[in-house]
Amino acid sequence: MRLILLALIISLSLQQSLSSSTQFAIDGKVLELDESNFDAAISTFDYVFVDFYAPWCGHCKRLSPELDKAAPILAGLKEPVVIAKVNADKFSGLANKYEIDGFPTLKIFMHGVPTDYRGPRKADLLVQYLRKFVGPDVAVLNSDSAISDFVEAAGTDFPIYVGFGLDESVISNLAIKYKKKAWFSVAKDFSEDIMMLYDFDKVPALASLHPSYSEQSIFYGPFEDQFLEDFVKQNLLPLVVPIDYETLKLLKDDERKIVLTIVEDVEDEKSKVLIKTLRAAASANRDLVFGYVGVKQWEDFAETFEIYKETKLPKMVVWDGNEDYSTVIGSESVDEHDQGSQITRFVEGYREGSVIQKQVSGPSFMGFIRSLLGVRTLYIFVFVVAVIAFFIIITKEEPLTVGTRDHADRASSSSTSQGESKEAHRSGEKED
């Protein structure tokens, strides 16, 4: 009897396993997932690229055909990548679980673990990016052409690290730790032309490249864990960081203080000259992050640092990445003459403690930094509050009173305002 029961248990287990593996097939099509099959999908495949979308979202509609084009190519890779999508507006449980607060939100699930995707969205670039993303932790390059091909294939969305004359074991742990944020490789064989191109004159050396910013740095050691990781961490960002929603997400993981320069317009020629000068200061002060933002590009964010119409720009502050910042006494702004010396005095004044401590202004500032409360979440919260208030009103027992015109007017006004509130919510829901 026990043998029969054991056989039945094994049989059922095998059936469940086969059912799980045959529920999904790598057929080059985009999978439609929901709360009933999502967990099974990300446990069945090693790499799943998930598009959390809303049917009314314009950006989502434009992305959909690109995913359809990329899906069969990615499915045919040596390490297949399955593309799937979830109607996060309908399946709110999944949206809440993975903190979806805007559409589309793209994530890569590697062995079931989600990672935010910040790469390109056109089909050909998406394929190129994901092919590299699912590659080895450390690519081994054995020729000049292999180095060039690797750098080209990595693209411009993340920094690239190339270890010249290094064994892959030296950087393998860091490559695993920071795979979500950078590309890693070691070059075993290369010519003097490569040494000139990447500006190093001895080995071993670790080169850090930021193709989109035309920046590179060289590290000659020591190659002990802490020194090596410090170099990698400091070079995950460019020398001078343009502040926007995406870079703020990166900065929240960086413990360094931010020397923030606020200009009128980052596209102005004078601002571009200043940004070049900031790079030199950033290179000499790697324990700080240097960043810049334009009032024209992001006025709401800039205003939290007391930027008014009469404020003289450019203005520099030292920001902790949260709610506190400092101004340096005597270095409140930067004029056009000898900007390098002014920036140096600013940094020296900060290090000497010649500062005024302040807090950012504006009630919604944390939304800029942490993105904890998205637009969609805010609408849901307002809607829930409105519904609760509505039920309290209709279930509350009012005392008997003699009807008057004033009382009727108030009731009519209340009804009208509630209708307007609901209509505003409906239109507000349909924002990306």
Side-chain angles (χ1 to χ4, degrees), residues 101 237-282 284-375 378:
D101 60 3
L237 297 167
L239 282 172
V240 182
V241 183
I243 301 297
D244 54 33
Y245 281 105
E246 291 302 318
T247 54
L248 282 184
K249 292 178 183 178
L250 296 174
L251 284 170
K252 74 177 184 179
D253 296 325
D254 198 309
E255 297 177 355
R256 293 175 291 171
K257 296 291 181 67
I258 303 160
V259 177
L260 178 64
T261 301
I262 304 167
V263 299
E264 184 64 42
D265 181 0
V266 297
E267 298 300 327
D268 182 76
E269 286 302 319
K270 293 180 180 178
S271 297
K272 291 179 179 179
V273 171
L274 176 59
I275 292 167
K276 288 182 179 179
T277 308
L278 287 169
R279 285 196 179 100
N285 296 275
R286 298 311 297 264
D287 59 324
L288 299 169
V289 176
F290 282 69
Y292 64 91
V293 67
V295 176
K296 182 177 180 180
Q297 283 72 28
W298 201 358
E299 183 177 4
D300 290 344
F301 177 79
E303 285 180 349
T304 60
F305 297 95
E306 297 183 334
I307 300 298
Y308 310 110
K309 289 183 179 179
E310 64 274 13
T311 302
K312 185 179 178 182
L313 298 176
K315 176 179 178 178
M316 295 183 70
V317 300
V318 180
W319 176 40
D320 72 347
N322 200 331
E323 295 186 338
D324 297 320
Y325 72 98
S326 305
T327 58
V328 175
I329 299 171
S331 298
E332 287 79 10
S333 60
V334 182
D335 59 38
E336 297 179 29
H337 305 291
D338 196 11
Q339 292 180 330
S341 297
Q342 294 177 70
I343 295 169
T344 299
R345 287 196 298 271
F346 177 89
V347 175
E348 289 174 349
Y350 166 70
R351 294 192 186 282
E352 293 168 359
S354 181
V355 299
I356 299 174
Q357 299 287 344
K358 297 186 177 184
Q359 282 199 323
V360 297
S361 59
S364 61
F365 179 75
M366 289 305 291
F368 295 139
I369 307 165
R370 305 299 181 191
S371 299
L372 291 178
L373 187 61
V375 172
L378 179 60

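Positions are given from 1 along the sequence.
- Ionic pairing of Lys270 and Glu336 is present here: one or more N-O contacts between side-chain nitrogen and carboxylate oxygen are shorter than 4.0 angstrom.
- No donor-acceptor distance shorter than 3.5 angstrom exists from the side chain of Asp324 to the backbone of Asp320, with no hydrogens or angles considered.
- Here the CG-NZ distance, from Asp265 to Lys272, works out to 9.0 Å after rounding to the nearest 0.5 Å.
- Under the ring-ring contact (aromatic ring centres under 6.0 Å, His included) criterion, Tyr292 pairs with no residue, sequence neighbours left out.
- A side-chain donor from one of Ser326 and Gln357 sits under 3.5 Å from a side-chain acceptor of the other.
- Taking 4.5 Å as the limit, some side-chain heavy atom of Val289 sits within range of a side-chain heavy atom of Val241.
- Judged as a ring pair (Phe, Tyr, Trp, His ring centres under 6.0 Å), not a single pair has a partner in residues 342-361 (not counting sequence neighbours).
- The aromatic rings of Phe301 and Trp319 sit perpendicular to each other, their planes meeting at more than 60°, with 30° as the lower class boundary.
- When every heavy atom of Ala282 is checked against every heavy atom of Val240, the shortest pair comes out as CB-CG2, 4.3 Å.
- Counting only distance, with no hydrogens or angles, the side chain of Ser271 and the backbone of Glu267 share no donor-acceptor pair below 3.5 Å.
- You'll find the side chain of Thr277 reaches within 4.5 Å of the side chain of Ile343, heavy atoms only.
- The backbone N or O of Arg286 sits less than 3.5 Å from a side-chain atom of Arg256, completing a donor-acceptor pair.
- Contact annotation: the side chain of Val263 never approaches that of Val295 to less than 4.5 Å [non-hydrogen atoms, C-beta and beyond].
- Looking at heavy atoms from C-beta onward, Pro314 lies in side-chain contact with Leu274 at the 4.5 angstrom threshold.
- Atoms CD and CG, from Glu255 and Leu251 in turn, are 12.5 Å apart once rounded to the nearest 0.5 Å.
- Side-chain atoms of Lys312 never come within 3.5 Å of backbone atoms of Glu332 as a donor-acceptor pair (strictly under, hydrogens ignored).
- We find that Glu306 and Lys358 are joined by a salt bridge, their nearest charged nitrogen and carboxylate oxygen being less than 4.0 Å apart.
- Of the candidates Leu313, Ile307, Thr311, Glu264 forms a side-chain contact (heavy atoms from CB on, under 4.5 Å) with just one, namely Leu313.
- Under a 3.5 Å cut-off, the side chain of Gln297 and the backbone N or O of Val293 do not form any donor-acceptor pair.
- The pair Arg351-Asp287 meets the salt-bridge criterion, since a charged nitrogen lies less than 4.0 angstrom from a carboxylate oxygen.
- Contact annotation: the side chain of Ile329 never approaches that of Val355 to less than 4.5 Å [non-hydrogen atoms, C-beta and beyond].
- With a 4.5 Å cut-off on side-chain heavy atoms, Gln342 and Asp335 count as touching.
- In this structure, Thr247 contributes its side chain and Pro242 its backbone to a donor-acceptor pair below 3.5 Å.
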